[in-house]
Amino acid sequence: MVTTRVGIIMNGVTGRMGYRQHLVRSILAIREQGGVQLVDGSRLMPDPILVGRNADKLAEIAAQHGIERWTTDLDAALAGDDEIYFDSQLTSVREESLLKAIAAGKDIYTEKPIAESLEASLGLARAAADAGVTVGVVHDKLYLPGLLKLRRLVDGGFFGRVLSVRGEFGYWVWEGDWQTAQRPSWNYRAEDGGGIAVDMMPHWSYVLENIFGSPITAITARVATHIPERVDERGNAYPATADDAAYALIELANGVIVSLNSSWAVRVHRDELVEFQVDGTEGSAVAGLHQCVVQHRSVTPKPVWNPDLVEATQFREQWSVVPDNEVFDNGFKAQWEQFLKARAGEGEHPYDFLAGARGVRLAEAALQSHAAGRRIELGDLSLQDAPQSATRLEQAS
């Protein structure tokens with residue numbers, strides 16, 4: 001059995017997402033299972049080098065997990081022979097690092113948003129295409145058990161014609177005064193790349209595109225900063241300059257109407273932190289992170305509106321649970337494995353920088369809709385819309 005080393009430069013692993021999901025639950029988990037097995041029996045073995053700005057944190061993480069290589073010098077890491085660059089830094093510094101990685105000829109797998117603007121995102125897509133490097137963008141929600149079950153229902157024709165989607169996401173993020181906030185303070189500062197529209201719209205873009213098989217054609221949105229002041233990790237009060245809630249009406253090319261609420265200022269009265277209700281002519285489903293329940297047309301009840309009587313019908317009990325029917329792995333790990341396999345010529349990984357750019361475009365359109373107070377139409381997006389990359393690549397290198 002042949003095992004091939006795959007060197008991965010992992011930049012930003014001192015952050016919550018980069019450490020927990022990408023390093024520990026993905027790359028290290030893949031190493032512990034003996035690598036990624038290909039159809040010919042050979043294996044790909046990730047060999048990470050940790051990169052970040054804080055040497056003490058990097059040394060601590062490396063020692064804790066038995067990782068031999070780490071550095072605070074990104075340029076030195078990119079000059080080495082590692083084949084893949086991974087980025088989970090703050091959005092505000094991601095574009096520059098991705099350009100450096102492209103200039104160094106590295107294949108790239110990155111968190112989203114891939115850049116702070118649509119123009120910059122398209123610039124990255126053009127630069128990567130011109131350099132001939134393989135790229136992938138994290139689409140983790142597509143690999144969640146609940147959404148995998150929902151996709152199974154769509155592919156199996158359960159809904160008939162899909163009419164509408166209603167999504168609710170979020171929870172109460174503490175202000176940080178008498179309860180410690182469970183998200184970093186930069187999330188609530190626009191100058192640091194924060195804001196729930198910028199954070200979540202790229203997710204909703206790829207979820208809607210891929211599960212319902214149709215591009216987004218328009219959005220009408222309203223954002224808000226419901227909590228105007230928060231307390232940071234050092235106990236200092238600061239003004240929240242970024243939106244902490246986004247309310248959107250999204251239209252798909254196939255006629256499906258989507259209503260999506262995202263908020264860090266909402267208390268949960270759901271079974272899971274995110275839920276999508278899909279209604280179709282033949283049936284409906286409610287999917288969360290892990291669970292999915294359905295109600296077919298043949299067993300749909302016939303409620304009668306009567307505000308003078310206490311409702312006795314237990315509506316939730318009339319839905320059926322969709323079985324797992326398979327073992328679901330960690331979504332981040334599953335996508336890492338798909339990317340590594342595709343890079344080795346086995347299968348495909350379709351979530352490229354153009355997909356990332358469409359996510360950034362939806363976030364920009366949501367903010368534009370809020371500012372202008374109107375519906376924003378979205379057209380096709382291709383590399384023809386991207387600026388030339390030579391100058392930016394020369395600057396990066």
Side-chain angles (χ1 to χ4, degrees), residues 141-172 200-201 203-222 245-263 265-326 328 362 366 369 375:
K141 300 291 184 293
L142 294 178
Y143 299 79
L144 291 168
L147 293 190
L148 287 171
K149 295 171 188 176
L150 182 59
R151 177 65 180 270
R152 187 196 304 161
L153 293 170
V154 173
D155 292 345
F158 170 80
F159 296 103
R161 180 168 60 89
V162 176
L163 306 175
S164 64
V165 180
R166 290 186 289 124
E168 289 285 344
F169 168 78
Y171 47 91
W172 189 269
M200 297 310 303
M201 287 299 168
H203 285 291
W204 306 149
S205 175
Y206 70 71
V207 165
L208 296 173
E209 277 185 6
N210 287 280
I211 291 183
F212 301 103
S214 182
I216 296 170
T217 57
I219 182 172
T220 305
R222 183 77 178 173
Y247 311 96
L249 190 67
I250 298 172
E251 303 167 43
L252 305 188
N254 60 6
V256 174
I257 304 298
V258 183
S259 173
L260 268 172
N261 295 330
S262 308
S263 178
V266 61
R267 294 177 176 87
V268 181
H269 191 262
R270 291 172 247 121
D271 292 330
E272 301 195 57
L273 296 184
V274 61
E275 286 186 347
F276 297 92
Q277 176 162 336
V278 182
D279 292 299
T281 55
E282 298 299 317
S284 298
V286 177
L289 297 171
H290 297 277
Q291 302 299 319
C292 183
V293 296
V294 294
Q295 185 174 93
H296 190 260
R297 176 181 182 177
S298 60
V299 294
T300 300
K302 198 174 185 180
V304 176
W305 171 257
N306 189 338
D308 297 322
L309 296 177
V310 175
E311 182 59 65
T313 305
Q314 300 297 311
F315 291 108
R316 288 177 180 265
E317 295 178 1
Q318 298 171 339
W319 294 68
S320 301
V321 175
V322 176
D324 289 351
N325 286 356
E326 60 184 297
F328 298 107
L362 186 63
S369 173
R375 174 177 175 269

Any donor and acceptor pair, going by atom type alone, linking the side chain of S263 with main-chain N or O of A265 inside 3.5 Å?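 Yes, the answer is positive, given that a donor and an acceptor are paired below the 3.5 Å cut-off.
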Please check if the side chain of Y206 supplies one atom and the backbone of I211 the other of a donor-acceptor pair under 3.5 Å.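 Not confirmed, Y206 side chain does not pair with I211 backbone.
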Is any side-chain heavy atom of F276 closer than 4.5 Å to one of L260?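 The answer is yes, as the side chains (C-beta and beyond) meet within the 4.5 Å cut-off.
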If we only count heavy atoms from C-beta on, is the L142 to R151 side-chain gap below 4.5 Å?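 No. Closest side-chain heavy atoms not under 4.5 Å.
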Counterpart residues, salt bridge (charged side-chain N to carboxylate O under 4.0 Å, His left out), relative to E272 (two or more places apart):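 Applying salt bridge (charged side-chain N to carboxylate O under 4.0 Å, His left out) to E272 gives none.
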Test of understanding: with salt bridge (charged side-chain N to carboxylate O under 4.0 Å, His left out), list the residues that count as partners of E326, not counting sequence neighbours.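 Partners of E326 under the salt bridge (charged side-chain N to carboxylate O under 4.0 Å, His left out) test: R152.
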Less than 3.5 Å apart, which donor and acceptor atoms pair up between the side chains of residues 248-257 and the rest of the protein, not counting sequence neighbours?
residue, atom, partner, partner atom, Å
E251, OE1, R375, NH2, 3.0
E251, OE2, R375, NE, 2.7
N254, OD1, V256, N, 3.2
N254, ND2, F212, O, 3.4

Side chains of residues 156-172: which donor-acceptor pairs under 3.5 Å do they make with residues two or more places apart or in other chains?
residue, atom, partner, partner atom, Å
R166, NH2, Q277, OE1, 3.2
E168, OE2, N261, ND2, 2.7

What side-chain donor-acceptor pairs closer than 3.5 Å can you find for residues 300-307, not counting sequence neighbours?
residue, atom, partner, partner atom, Å
T300, OG1, H296, O, 2.8
N306, OD1, D308, N, 3.0

Atom pair [atom1] ([X]) and [atom2] ([Y]), whose distance is rounded to the nearest 0.5 Å:
{"X": "R316", "Y": "Q314", "atom1": "CZ", "atom2": "CD", "value": "10.5 Å"}
{"X": "L150", "Y": "D155", "atom1": "CG", "atom2": "CG", "value": "9.5 Å"}
{"X": "W319", "Y": "Q295", "atom1": "CH2", "atom2": "CD", "value": "5.0 Å"}

For a side-chain contact (heavy atoms from CB on, under 4.5 Å) check, start with the C-alpha distance between W204 and S262, then their side-chain angles and the critical distance, and finish with the verdict. CA-CA 10 Å; W204 306 149; S262 308; 2.9 Å; yes
Charged N to carboxylate O below 4.0 Å: is that the case for R270 and E275?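 Salt bridge absent between R270 and E275.
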What closest approach, in Å, do P323 and K149 show between heavy atoms, and which atom pair accounts for it?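 Closest approach of P323 to K149, heavy atoms only: O-CE, 4.1 Å.
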Contact summary for T281 and R297, nearest pair of heavy atoms: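 For T281 and R297, the tightest heavy-atom pair comes out as O-CD, 3.7 Å.
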List the atom pairs, with distances to 0.1 Å, where a side-chain N or O of residues 284-293 and a protein N or O form a donor-acceptor pair under 3.5 Å, not counting sequence neighbours.
residue, atom, partner, partner atom, Å
S284, OG, D279, OD1, 2.5

